[in-house]
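We use all heavy atoms of the structure for the numbers below, so side chains are in, but hydrogens, waters and symmetry mates are not. Just so you know, residue 1 is the first one in the sequence shown, and it goes up from there.
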Amino acid sequence: MASYTTKGEVDTAISTLRTTFASNRTKDLRYRKWQLKQLYWLVSDNTDAFVAALHADLNRPEFESRFTIKGLLDEIEYHIDSVESWAKDEVPNAGFVFSKLGTTVIRQEPRGVAFIIGAWNFPDSLTLHPLASAMAAGCCALVKPSEIAAHSADLMCRLAPKYLDSEAYAFVSGGAAETQYMLTHKFDHVFFTGSTPVAKHVAAATAKHLTPTVLELGGQGPAIVTKTANVDLAAKRIAAAKFMNAGQICLSVNHTFVHPDVHEQFLERIKYWNDTFSSHGQTDQMCTIINERNAARLTSMLEKTHGTVTTSGQSDSTNPKQLFPTIVSNIQMSDSLLTEELFGPILPIIAADEISACNTINTMPHPLAIYIFSSAQQEINYILDHTLSGGVTINDTLLHAGAKEAPFGGVGDSGSGAYHGKYGFDTFTHKRTVVRLPDYLDRVLAFRYPPYDVKKASFALTPSKPKFKRGEKLEDQSVGAGWSSLGLVSAAVGIAGVGLAAWTGKLGPLVGEW
């Protein structure tokens with residue numbers, strides 16, 4: 001990329017976006033569909049260019065690039081097919097007065113002008129997927145791809161004006177300083193994907209404007225292999241997760257807890273699969289580390305470890321960014337490799353049962369994902385009940401992020417907010433409650449006007465009799481019982497009585513003097 005977007009160009013772009021949003025152009029569902037289709041063609045028409053850019057940035061194999069690009073296209077198409085139903089007003093069950101005598105609807109309002117900050121590890125998907133959600137919601141957007149994946153960022157900035165309405169969706173470029181300047185502006189929503197340390201700066205900047213912010217982060221996501229697991233399959237799938245994108249995935253397995261009973265078997269099988277996936281040294285089948293700085297960080301951590309290091313494949317001495325899958329065994333949680341998120345093809349393996357693993361996980365920040373490998377439901381339930389994470393995949397890795405109509409996001413240090421499918425639409429949407437009551441109800445509601453009379457307004461001020469008894473204990477509580485038949489009948493009679501009284505005016509004498 002020749003040069004970054006200047007401050008003046010940023011100011012102009014944001015001003016244009018605000019003018020466009022104020023015109024209501026992006027609220028038109030036809031416009032949203034049109035622009036989503038244009039985004040689809042932007043990616044589809046230029047798939048080969050994206051593959052080339054991803055290879056230049058990350059040495060990404062063609063298969064991995066085409067696989068993720070297909071996922072992006074599928075998600076955009078899903079937004080196109082679903083946007084009408086997502087954007088419909090919701091009609092809640094707001095009670096007799098607000099739903100039967102009056103009306104209550106929840107409008108799906110676009111938040112306004114959003115700022116989308118993309119990530120470098122999947123620069124296409126993690127930039128354009130949130131943009132698709134913003135488009136579907138009817139927002140305008142300032143979009144900044146990560147400058148670290150420079151070839152992909154340059155491609156998106158060049159293509160966007162050719163396909164998209166640049167008055168509604170402006171792509172800008174910049175590093176840390178430029179991004180900090182962009183964040184001095186007040187946006188209506190900010191969507192950031194990246195690391196936890198950078199997210200703290202983003203959150204601090206948006207807090208000054210009280211801007212709602214989604215943070216899609218990562219963390220030290222563990223796998224837990226219990227004694228009942230299919231050990232070979234667990235090793236195969238964990239090795240594949242660390243191989244993909246050279247482990248530079250927010251969802252990747254950071255480290256693995258393995259039950260002592262199957263620990264040695266797991267070590268043997270994961271070494272086998274690492275050797276197999278590494279193709280005995282072929283460098284064209286595996287991503288490189290994004291830059292020399294990150295590669296040096298990983299190499300330094302390996303040099304400081306007290307564990308036993310086993311590497312598959314042969315590193316290319318002419319390319320310092322080339323690191324092959326590495327397992328580190330005989331390791332403690334205090335080791336240098338476990339001081340931060342690895343974000344690379346290194347896998348520390350700790351011998352521990354699921355109880356010890358959960359205890360350790362709970363001393364650390366909540367991860368974006370936990371991967372449970374077990375064939376015993378009791379073990380699975382124990383881990384689910386005694387941990388918290390953004391998501392969980394059982395007997396595999398990464399897959400929960402691909403579940404349609406399921407939220408993807410972190411918790412605590414691994415992020416806040418969620419997207420994918422309708423959850424992406426919702427994150428860029430304000431749910432606006434609109435209530436309308438008929439004028440004739442003013443007689444019923446007259447008690448709210450001054451001068452107040454507590455005695456005459458007693459029916460509105462007296463709490464209903466609770467459906468539970470004083471002094472109940474824990475063992476008296478029922479879960480899942482629902483309404484009793486008597487309760488349903490009583491409710492129906494009560495609603496019918498109030499409704500009939502309201503419509504026939506027989507409540508009038510009771511409240512007419514209020």
Side-chain angles (χ1 to χ4, degrees), residues 54 57-58 60 68 115-127 129-130 143-150 152-153 173-183 190-207 211 213-222 241-242 244-255 287-301 321 323 336-348 361 364-370 389-391 398 401 408-419 427:
L54 292 166
D57 287 327
L58 288 152
R60 182 174 292 167
T68 55
F115 183 25
I116 297 170
I117 307 172
W120 57 259
N121 56 327
F122 288 90
D124 50 345
S125 300
L126 297 182
T127 304
H129 187 164
V143 184
K144 196 202 83 67
S146 173
E147 77 285 0
I148 297 175
S152 298
S173 60
E178 289 76 16
T179 305
Q180 288 174 356
Y181 176 72
M182 295 171 196
L183 285 168
V190 171
F191 192 107
F192 169 79
T193 305
S195 69
T196 299
V198 176
K200 292 178 180 179
H201 294 287
V202 173
T206 58
T211 301
T213 304
V214 169
L215 302 173
E216 291 289 340
L217 312 178
Q220 294 174 282
K242 295 298 283 187
M244 185 179 183
N245 216 45
Q248 298 167 111
I249 308 175
C250 59
L251 276 171
S252 192
V253 180
N254 189 77
H255 54 280
C287 285
T288 56
I289 304 304
I290 184 65
N291 53 35
E292 292 186 18
R293 178 176 62 83
N294 276 310
R297 175 184 65 85
L298 291 167
T299 301
S300 175
M301 294 175 77
K321 297 188 295 181
L323 297 181
S336 62
L337 288 174
L338 294 164
T339 57
E340 62 181 85
E341 181 181 7
L342 288 169
F343 223 65
I346 302 169
L347 180 67
I361 290 168
M364 305 170 73
H366 299 311
L368 183 59
I370 293 176
S389 63
L398 314 179
F408 173 73
V411 58
D413 283 22
S414 60
S416 59
Y419 72 128
T427 201

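To the nearest 0.5 Å, atom NE2 of residue His255 and atom CE of residue Met364 are 4.5 Å apart. Separating the OG1 atom in Thr211 from the CG atom in Leu183 is a distance of 9.0 Å, to the nearest 0.5 Å. Between the OG atom of Ser152 and the CG atom of Asp124 there is a distance of 6.5 Å, given to the nearest 0.5 Å. In this structure, CZ in Phe122 is found 9.0 Å from CD in Gln248, a value given to the nearest 0.5 Å. Distance check, rounded to the nearest 0.5 Å: CD1 of Ile116 to CG of Leu126 gives 11.5 Å. Going from atom CG of Asn291 over to atom CG of Asp57 covers 10.5 Å, rounded to the nearest 0.5 Å.
Taking each heavy atom of Phe343 and Ile249 in turn, the nearest pair found is CE1-C, 3.5 Å. Summarising the geometry of Thr127 relative to Pro145, their closest heavy-atom pair is OG1-CA, 4.2 Å, with the distance given to 0.1 Å. In this structure, Ala401 and Leu251 approach most closely via the heavy-atom pair CB-CD1, 3.4 Å. Residues Gly118 and Ser146 come closest through the heavy atom pair O-CB, 3.8 Å. When all heavy atoms of Glu216 and Gly417 are compared, the closest pair comes out as OE2-O, 3.7 Å. Scanning both residues, Gly174 and Thr179, for their nearest heavy atoms gives O-OG1, 4.3 Å.
For the pair Pro367/Ser414, no side-chain contact is recorded, criterion being any heavy-atom separation below 4.5 Å from C-beta on. Leu368 has its side chain within reach of Phe408: a pair of non-hydrogen atoms, C-beta onward, lies under 4.5 Å apart. By the 4.5 Å heavy-atom criterion applied to side chains, Asn254 and Pro222 are not counted as neighbours. Residues Thr68 and Met244 have side chains in contact (heavy-atom distance under 4.5 Å, counting atoms from C-beta outward). Within the 4.5 Å cutoff, the side chain of Pro123 has no heavy atoms near those of the Ile148 side chain.
For Thr339 (side chain) and Ser336 (main-chain N/O), a donor-acceptor pair under 3.5 Å exists by modelled atom type. A donor-acceptor pair is defined here as one N or O able to donate and one able to accept, closer than 3.5 Å; such a pair exists between the side chain of Thr288 and the backbone of Leu58. The backbone N or O of Leu342 sits less than 3.5 Å from a side-chain atom of Arg297, completing a donor-acceptor pair. With hydrogens and angles disregarded, a donor-acceptor distance shorter than 3.5 Å links the side chain of Gln220 to the backbone of Leu338. Between the side chain of Lys242 and the backbone N or O of Ile346, at least one donor-acceptor pair lies under 3.5 Å.
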Test salt bridge (charged side-chain N to carboxylate O under 4.0 Å, His left out) on Glu178 and Lys144 and set out the steps.
CA-CA 10 Å; Glu178 289 76 16; Lys144 196 202 83 67; over 6 Å; no
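The side-chain hydrogen bond (donor to acceptor under 3.5 Å, both in side chains) check on Gln180 picks up nothing, with sequence neighbours excluded. Evaluation of the side-chain hydrogen bond (donor to acceptor under 3.5 Å, both in side chains) rule for Thr213 yields Thr206 as partners, not counting sequence neighbours. Taking the side-chain hydrogen bond (donor to acceptor under 3.5 Å, both in side chains) definition, one finds that Asp413 meets it with nothing, sequence neighbours left out.
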